[in-house]
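Right, one structure below, let's go through it.
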Amino acid sequence: MNSRVLDLRLLPAAVSAWLGTLILPALPLDLEPIISALALVVAAALLIAVYFQRLAPVGLTLALAVAAFGAVGLSVSQAARQIAADPLARAWQGEISKVRVLAMVEGPPRKYAPGSDQQITQLQLLEARLPPAPAVKTRLKVVAFGQHLTAYPRGTVLETSLKLERPHRTGKSNLEISDFTSANTLFEIPAQIMATPKIRAEPRGAAALKQKFAARLKEKLIAAKSPAAAMLLPAMILGIRADASADTEALKTAGIVHITCVSGMHISVLLSLVALLTAGLGRRWRLVACGSLLVGYCLLLGPAPSLLRAAVMGMVSVLALARGREPRSFSALETAVIGLLIFEPAFGQDAGFLLSVSATAAIVLVAKPVEETLQEKLKSLERKGSGRIARVIPEKYRALLGKFLAAFLAVSAVSLVAQLACLPGELLIRPGINTLTVAANVAIAPVVTLLIWGGACLTFLPLPGTLLAKTLGVGCTWVMMVARGVASNPFAILPWPQGIPGILALVAVACGVTFIFRCYFPKTRIGGNVEAWSQSR
């Protein structure tokens, strides 16, 4: 079967599910279950029509798309109703502005901005005390702001006082939650930490195991005496990202901050390490090892959107291989998007999930074919040969040069395609366009895989690791040198408006460039199947 053939039957369902996560949470709560039920009824009717051959096979694709929209609506409605029934959520509608809570840390506190004392963390509330009433159980999730917070690891139970931000009201009094405009009001409740948190329980389970691995990695990195390694390796292996600082801003400016966000690149590199370590085992046991890595890594690091997307894609590919089928990357991506958006509709509005899906789709659809084409061109040039090159480069080095050029062009193509695909999403987050991202990614490409492999061995294997830690420190120092060098370049960021105006301007520029290219450089035939570009008008 041709590896370039794409199965797009799930694409309408993925797009429909994503539209549902954007549209349905913005609708009134009373309308969501009605719209969801209607969508599921329509999907069922389409399936029945397809079964009785009353509708063309394309009706199955349409039925899946409508069903995905309805399933997302049911998930949004159920989540909103659970929040609305929470005792603290009901009290939140009143005049209470301060509440004593027990809360579990879902994300370690991080600086909100470089040079700022303000920190942000995500808390899962467990218990709330509303004086003079007794304590009540609650499951609200809040985005908490505070100052000078300790770096509490994920899973730590804290006791503190929170001031919940008032929901937007329409001017009426004694409103119920169902009177609010949408579910978006309930999904991310901002809160301000009013008292110094007190630790009531240490992390347990997977969170405690992650903390042990983090402590082991930190202990081994002390010997390396490399601030770059201390910042990069915990983020690359365990997802423990450093606070906002000049170094993190340099990584963002250089366009290589993605190496600190555990995603598909990290998963694929770790899977290659597992495949290498299990090379002597049978095919079935190698697949079991890869599947165990995907499940265990997600449990260890927590439900990060980009990590879950990569893990689901990996599991779909592993299951396909287990059944003797060729895995399809784009089909796996479509399946991951549909499943995750139904499981957690909030991912549809998460910038990290958007960038991860955009980059992966671009790499699968464009970068891989471009890479294959470039490799074919290089092989063709090698077969034809070049007298000029033969005189300059000795024969024994030509094969090595060809491999180097192939790797260089592959990394450049992947980086360029991924950057172009992520531009709209990046403009939603911050203004400006990174101009030297491709150069930065090519510069750090030789060391990233080695850093992930070495960091994983340093973290998960009981090795002394002093020499390895120092070696990884050299690689991390090189990455930060590239980031700082690019960030210091005055042309590293092209000024560009942020948000929808910036995206519209980007589309206008792309259309203009395409129009100029097609008008002034038309293709003309010069005989047979040979084509050439005519001179510019």
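Nothing fancy with the numbering, it's 1 onward along the sequence.
Using the six-membered ring where Trp is involved, Tyr297 and Phe460 have ring planes that are perpendicular, over 60° apart on the 30 and 60° scheme.
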Next item on the list: Kindly determine whether Thr360 and Met313 satisfy side-chain contact (heavy atoms from CB on, under 4.5 Å), including the steps that lead there.
Entry: CA-CA 10 Å; Thr360 305; Met313 286 187 63; 3.9 Å; yes
Steps toward side-chain contact (heavy atoms from CB on, under 4.5 Å) verdict (Leu273, Ile452): CA-CA 9 Å; Leu273 178 61; Ile452 297 176; over 6 Å; no
Practice item. Take Lys220 and Leu468, measure what side-chain contact (heavy atoms from CB on, under 4.5 Å) needs, and give me the verdict at the end. Key: CA-CA 9 Å; Lys220 293 179 180 179; Leu468 179 59; over 6 Å; no
Q: Dump the intermediate steps for side-chain contact (heavy atoms from CB on, under 4.5 Å) on His266 and Ile237, then the final yes or no.
A: CA-CA 8 Å; His266 304 74; Ile237 307 301; over 6 Å; no
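The backbone N or O of Ile342 lies less than 3.5 Å from a partner atom in the side chain of Ser75, making a donor-acceptor pair. Checked by atom type and distance alone, the side chain of Thr121 pairs as donor or acceptor with a backbone atom of Gly107 at under 3.5 Å. Panel note: side chain Arg286, backbone Ala275; a donor-acceptor pair is recorded below 3.5 Å. Remark: the backbone N or O of Ala492 is paired with a side-chain donor or acceptor of Thr435 at under 3.5 angstrom. Trp453 contributes no side-chain N or O that, together with a main-chain N or O of Ser272, makes up a donor-acceptor pair within less than 3.5 Å. Proximity of a side-chain donor or acceptor of Ser226 to a complementary backbone N or O of Ala229 within less than 3.5 Å is detected. Of the possible donor and acceptor atoms, none in the side chain of Trp496 sits under 3.5 Å from a partner among the backbone N and O of Leu427. Panel note: side chain Thr253, backbone Ala487; no donor-acceptor pair is recorded below 3.5 Å. Of the possible donor and acceptor atoms, one in the side chain of Thr156 sits under 3.5 Å from a partner among the backbone N and O of Pro153. Between the Asn434 side chain and the Leu436 main chain, no donor and acceptor come within less than 3.5 Å of each other.
With rounding to the nearest 0.5 Å, the separation of SG in Cys457 from CG in Leu472 is 9.0 Å. Atom CG of Leu420 and atom OG of Ser358 lie 12.0 Å apart (nearest 0.5 Å). With values rounded to the nearest 0.5 angstrom, Leu217 atom CG is found 12.0 Å from Lys210 atom NZ. To the nearest 0.5 Å, atoms CZ (Arg484) and OG1 (Thr477) are separated by 8.0 Å.
Using a 4.5 Å heavy-atom threshold, the side chains of Phe145 and Gln118 count as touching. Tyr152 is listed as a side-chain neighbour of Pro109, based on a closest heavy-atom distance under 4.5 Å. Here the side chains of Met265 and Val448 are in contact, with some heavy-atom distance below 4.5 Å.
Counting non-hydrogen atoms of other residues, nucleotides and ligands closer than 6.0 Å to CZ of Arg430 gives a total above 12.
Side-chain atoms of Arg9 and Thr61 include no donor-acceptor pair closer than 3.5 Å.
Listed by chain and residue number, Leu287, Leu321 satisfy the side chain to side chain contact (heavy atoms under 4.5 Å, CB included) test with Arg283 (two or more places apart in sequence, or in another chain).
Minimum interatomic distance between Ser36 and Gly70 (heavy atoms only, all atoms of both residues): CB-O, 3.6 Å. The heavy-atom pair separating Ser331 from Leu10 by the smallest distance is O-CD1, 4.5 Å.
Between Phe69 and Trp18, the distance from one ring center to the other does not fall under 6.0 angstrom.
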